[in-house]
Amino acid sequence: METASVFVANYCQRCGCRCRYCLLDWRGTCPGVPNHDAMDFSRRFAAWFAAQKHAPAFGYYAGYAMDLPELREYLRFLREIRSPQAGFLQLNGMDLRTEEEMRAWLRAARDGGVDTLCPTFYGTRDYHDAFCARKGDFDNLMRLSELAAAGGFHLSVTYPILRSNLHMAAEVVARCEELTDEIHVLSPHAKGRGRLLNGERITLADLEQLPETVRRRYSRQAKAERDWIREGFPTPARRSLTLVLTRENFPALQAKPFEETLAMLEELDDAYYAAMPSAEELAAEYGDPDGTKLYRGRDLLLEWQQRYREAHAPDLHDMQDERHHFSVRY
């Protein structure tokens, strides 16, 4: 298995929302270390990688939200280490802002070299605000997106589609089309709190009822469960590994040689997948050969792997859980 990229993640900035969709299951506290310390560590890690032959790509990112007080410095650092995250920022979860404060944040993002901003809408105003547990979030996010588009930023919009917001999709997509042509309608991921939404996944019949303006933007990576089982899953050849910094593990990581840190991540990933049955075996045990719910392949496999791990290997480090060291195979 080729390690194609390595990232360092530091969840050091609070999020203003509590979304039902949260990839990281944000619970109100930040487990990360001060961003300056994490960037110093990552600068040294990046330099070590740069000195290696055939080194994988390297990057760093902070979370949970982009309210970082040192935003300009953070973005300069990402460009310095050539991190892929240097060119885009997520918009969700930031503090509610006045228009003047929004313009100031956008200037900082522009000064830092960002050209793409990524908002996620969950439905129309009341539904969106309830989904992310913050009144006023929809209006705040939409106004920030409008100002960003008017200021020359490219917007990449996501709309996670569920049975409960299906009927709102056309209205939200139409409003977003006034700002950008890049709108991704997709079924929810199965990580973090997203797993709790599996019962709300749309089906083939639901998709067929959507207006063409929404349907054409729906993810081409998604298929019905029965089709994944019948046609099979692609075999991954590469992986991306992410080291997640926490206050508990940071002192030991600072003292550890970087080659040992990389080896640790690779060993955790190897151990996880060695313990997992094949896709065919998982499908035979957990799959619905008649299922019409729509999934990306990795999300359907993840749902089955979660069930297997809980039943057979509860102590196995979960390399699909992005709250701690994790990997993505592709």
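Residue indices begin at 1 and follow the sequence shown. Scope of the values below: all heavy atoms of this structure, side chains included, with no hydrogens, waters or symmetry mates.
Cluster membership for Y273 and L300, using ILVMFWY side-chain heavy atoms within less than 4.5 angstrom, is shared. Linking Ile, Leu, Val, Met, Phe, Trp and Tyr whenever their side-chain heavy atoms come within less than 4.5 Å puts F250 and V8 in one cluster.
Side-chain N/O atoms of E266 and T3 include a donor and acceptor closer than 3.5 Å. Side-chain polar atoms of S156 and E182 form a donor-acceptor pair below 3.5 angstrom. Donor-acceptor pairing under 3.5 Å is recorded for the side chains of Q320 and Q305. Side-chain atoms of T292 and T203 include no donor-acceptor pair closer than 3.5 Å. With 3.5 Å as the limit, one finds no donor-acceptor pair spanning the side chains of H54 and Q52. Between the side chains of S187 and Y218, at least one donor N or O lies within less than 3.5 Å of an accepting N or O. Using modelled atom types and a 3.5 Å distance limit, the side chains of T120 and Y21 yield no donor-acceptor pair.
Closest heavy-atom contact between E99 and L147: CG-CD1, 3.7 Å. When all heavy atoms of F49 and P56 are compared, the pair lying nearest together is CE2-CG, 3.5 Å. Closest non-hydrogen pair, S219 versus L186, comes out as CB-CB, 4.2 Å. Taking both residues in full, the closest heavy atoms of R97 and M102 are given as O-CE, 3.5 Å, listed atom of the first, atom of the second, then distance. Across all non-hydrogen atoms, the minimal contact from P236 to R329 is CB-CB, 3.8 Å.
In this structure, R27 pairs ionically with D25, as a charged nitrogen and a carboxylate oxygen lie closer than 4.0 Å. A salt bridge links E177 with R216: the distance from a Lys NZ or Arg NE/NH1/NH2 to an Asp or Glu carboxylate oxygen falls below 4.0 Å.
The closest donor-acceptor contact from the side chain of N140 to the backbone of D137 lies at 3.5 Å or more, if one exists at all. In this structure, D129 contributes its side chain and G136 its backbone to a donor-acceptor pair below 3.5 Å.
A heavy-atom distance below 4.5 Å is found between the side chains of L71 and W105.
Tested against Y295, the residues E303, Q221, K223, H189 include a single side-chain hydrogen bond (donor to acceptor under 3.5 Å, both in side chains) partner, E303.
Judged by a 6.0 Å distance limit and a 45° cone about the ring axis, R44 is not positioned over the six-membered ring of F258.
Checked against a 6.0 Å centroid threshold, the rings of F7 and Y60 do not count as neighbours.
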